[in-house]
Number of protein chains: 2
Amino acid sequence: MPDPTPIRRGPGRPPKRIDDRLETREALIRCGIEVLTEKGFTATGIDAVLKRIGVPKGSFYHYFESKEAFGLEVVDSYAAYFARKLDRWFLDDSRQPLARLAAFVDDAKAGMARHGFRRGCLIGNLGQEMSALPETYRDRLEAVFLDWQARLAKCLVLARTRGDIAAEADCERLAAYFWIGWEGAVLRARLMRSETALDIFAQGFIGGLPR
Amino acid sequence: MPDPTPIRRGPGRPPKRIDDRLETREALIRCGIEVLTEKGFTATGIDAVLKRIGVPKGSFYHYFESKEAFGLEVVDSYAAYFARKLDRWFLDDSRQPLARLAAFVDDAKAGMARHGFRRGCLIGNLGQEMSALPETYRDRLEAVFLDWQARLAKCLVLARTRGDIAAEADCERLAAYFWIGWEGAVLRARLMRSETALDIFAQGFIGGLPR
DNA sequence: AGTTTACTAAACGATCGGTCTAATATCCGG
DNA sequence: CCGGATATTAGACCGATCGTTTAGTAAACT
């Protein structure tokens, strides 16, 4: 549906609309998530983002200090979005712990299919691009991975106390293992344009858990 | 060590040396492997490759039709190089099958460390970049993965006949699982600049094999 | 009314992949 | 040993695109 109150664009200060500034900023970030998730940071020009929102190029540096700063905000926003998603699945008391993981995987499969397997994982994309990225990104990206790891580890601990996995299992390490491999699965799923890689990895991981 | 017979560079037809044309061409490809393995395709300019070999820009298009064609040759060359490496490890009769896989992993760890964790896997790099790459690349990259998968599967079959893994194990699928996750491990190792991710994945994989 | 604020249009310099031309040194047929 | 044909270099050059800067305009605020 088209925006019911289209934002006037032209030179000069725009008419007052309280949340206008935030709206534009956040629209840019939201669009940045989509585009960077698909094409990565280096291969994406800011024009591509701006065009899609209808913001003129000259305005970009009014909202963001640089492309680098923009990217960092996109990462933060994506991390927050993904953390919410993980909580939705990993804290879902209506499912057994390991079934929650499977449910997350199914959701991810559906998500990738919905976008024609063009979009991957933003953090993985940028991680792969690190050598062409400002060094600022490195710690931020790694921190996101560690956050995901912690959330999954909690879920695995639950499975362990239930006896679904071995009592001596190192849940933190298992969680690390999952995200390491998961990024590879997403990469491959995009290359093959099929859910197969996600399936193979997920089943391999769950099937290989210590019992 | 410096090249004992440096290639003369200057205008005019070079002296006849049967393999001279190949030398320059192959030097470009070899350098392409290094650079693309480190920075990927999109983020790498042709000049970066040319500068390192001392070949002027005008010469590039004498040897290659385009950057795209060049990249494909680099992929082929890398695939051949990596296939030899896999054979060296996976067909090493002095080791038990699963120990061969572990040896490959150790070798990869040492290799990544030697280059300061700046270089990753060329195929994985380009795979992640697919959405910004000519569509020509897709099948080629996937074919390389399938080749690696077949080589590892053979090794796993050996392990199965020895009874090291369960008789009902699907070696082809396990091999697919390995390479899917391995790419994620390489990605993460580069991000963290540490072998940890490779270790966690390799141990997780081998430890999770059906017994 | 005058200043401040919010935003944009246009241009800038760098770099990209790719082309083109001129120059040059060797090869090869006589 | 001469004289094309050929292989290669040298690097200026092109149009496109990149991230970024600047100068200016119009509404808001005082």
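Throughout, a chain's letter reflects where its sequence line sits, starting with A, and its residues are numbered from 1. On a predicted model such as this, the values are computed, not experimentally measured, just so you know.
- In this structure, CZ of A/F60 is placed 17 Å from C1' of C/dA9, rounded to the nearest angstrom.
- The CG atom of A/L50 sits 13 Å away from the C1' atom of C/dC7 (whole-angstrom rounding).
- Between B/T42 and B/E129, the side chains place a donor N or O and an acceptor N or O closer than 3.5 Å (distance only, hydrogens not considered).
- Closest-nucleotide positions on DNA chain C for B/G58 and A/K57 were compared, and the one nearer the 5' end corresponds to A/K57.
- Among the nucleotides D/dT20, D/dA7, C/dG17, the one closest to any side-chain atom of B/H62 is D/dA7.
- When side chains are defined from C-beta on, A/F201 does not count as touching A/R188, because their heavy atoms never get closer than 4.5 Å.
- Between D/dT20 and A/Y61, a contact under 4.0 Å exists linking OP1 or OP2 to a side-chain N or O.
- When heavy atoms are screened at a 4.0 angstrom cut-off, A/T42 is found touching no nucleic acid atom at all.
- One atom, OH of A/Y63, and another, C1' of D/dT20, lie 17 Å apart when rounded to the nearest Å.
- Between A/D47 atom CG and C/dA9 atom P the separation is 14 Å, expressed in whole Å.
- The distance between atom CD1 of B/I53 and atom C1' of D/dT8, rounded to the nearest whole Å, is 16 Å.
- For C/dG17, the OP1/OP2 oxygens have a side-chain nitrogen or oxygen of B/K67 closer than 4.0 Å.
- Between A/F64 and A/F70, the two ring planes are perpendicular [angle over 60°; tilted spans 30° to 60°].
- The nearest whole Å value for the distance from the NZ atom in A/K51 to the P atom in C/dA9 is 12 Å.
- For A/S59, no side-chain nitrogen or oxygen approaches OP1 or OP2 of C/dC7 to under 4.0 Å.
- Side-chain contact annotation: A/N125 with A/R190, donor-acceptor N/O pair under 3.5 Å present.
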Task: Worked check of ring-ring contact (aromatic ring centres under 6.0 Å, His included) between B/W182 and B/F82 - done: CA-CA 14 Å; B/W182 179 257; B/F82 207 85; 8.6 Å; no

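- Within the nucleic acid shown, B/I46 comes within 4.0 Å of sugar-phosphate atoms alone, with no base atom in reach, counting heavy atoms only.
- We find that CZ of B/R25 is positioned 14 Å from P of D/dA7, with the value rounded to whole Å.
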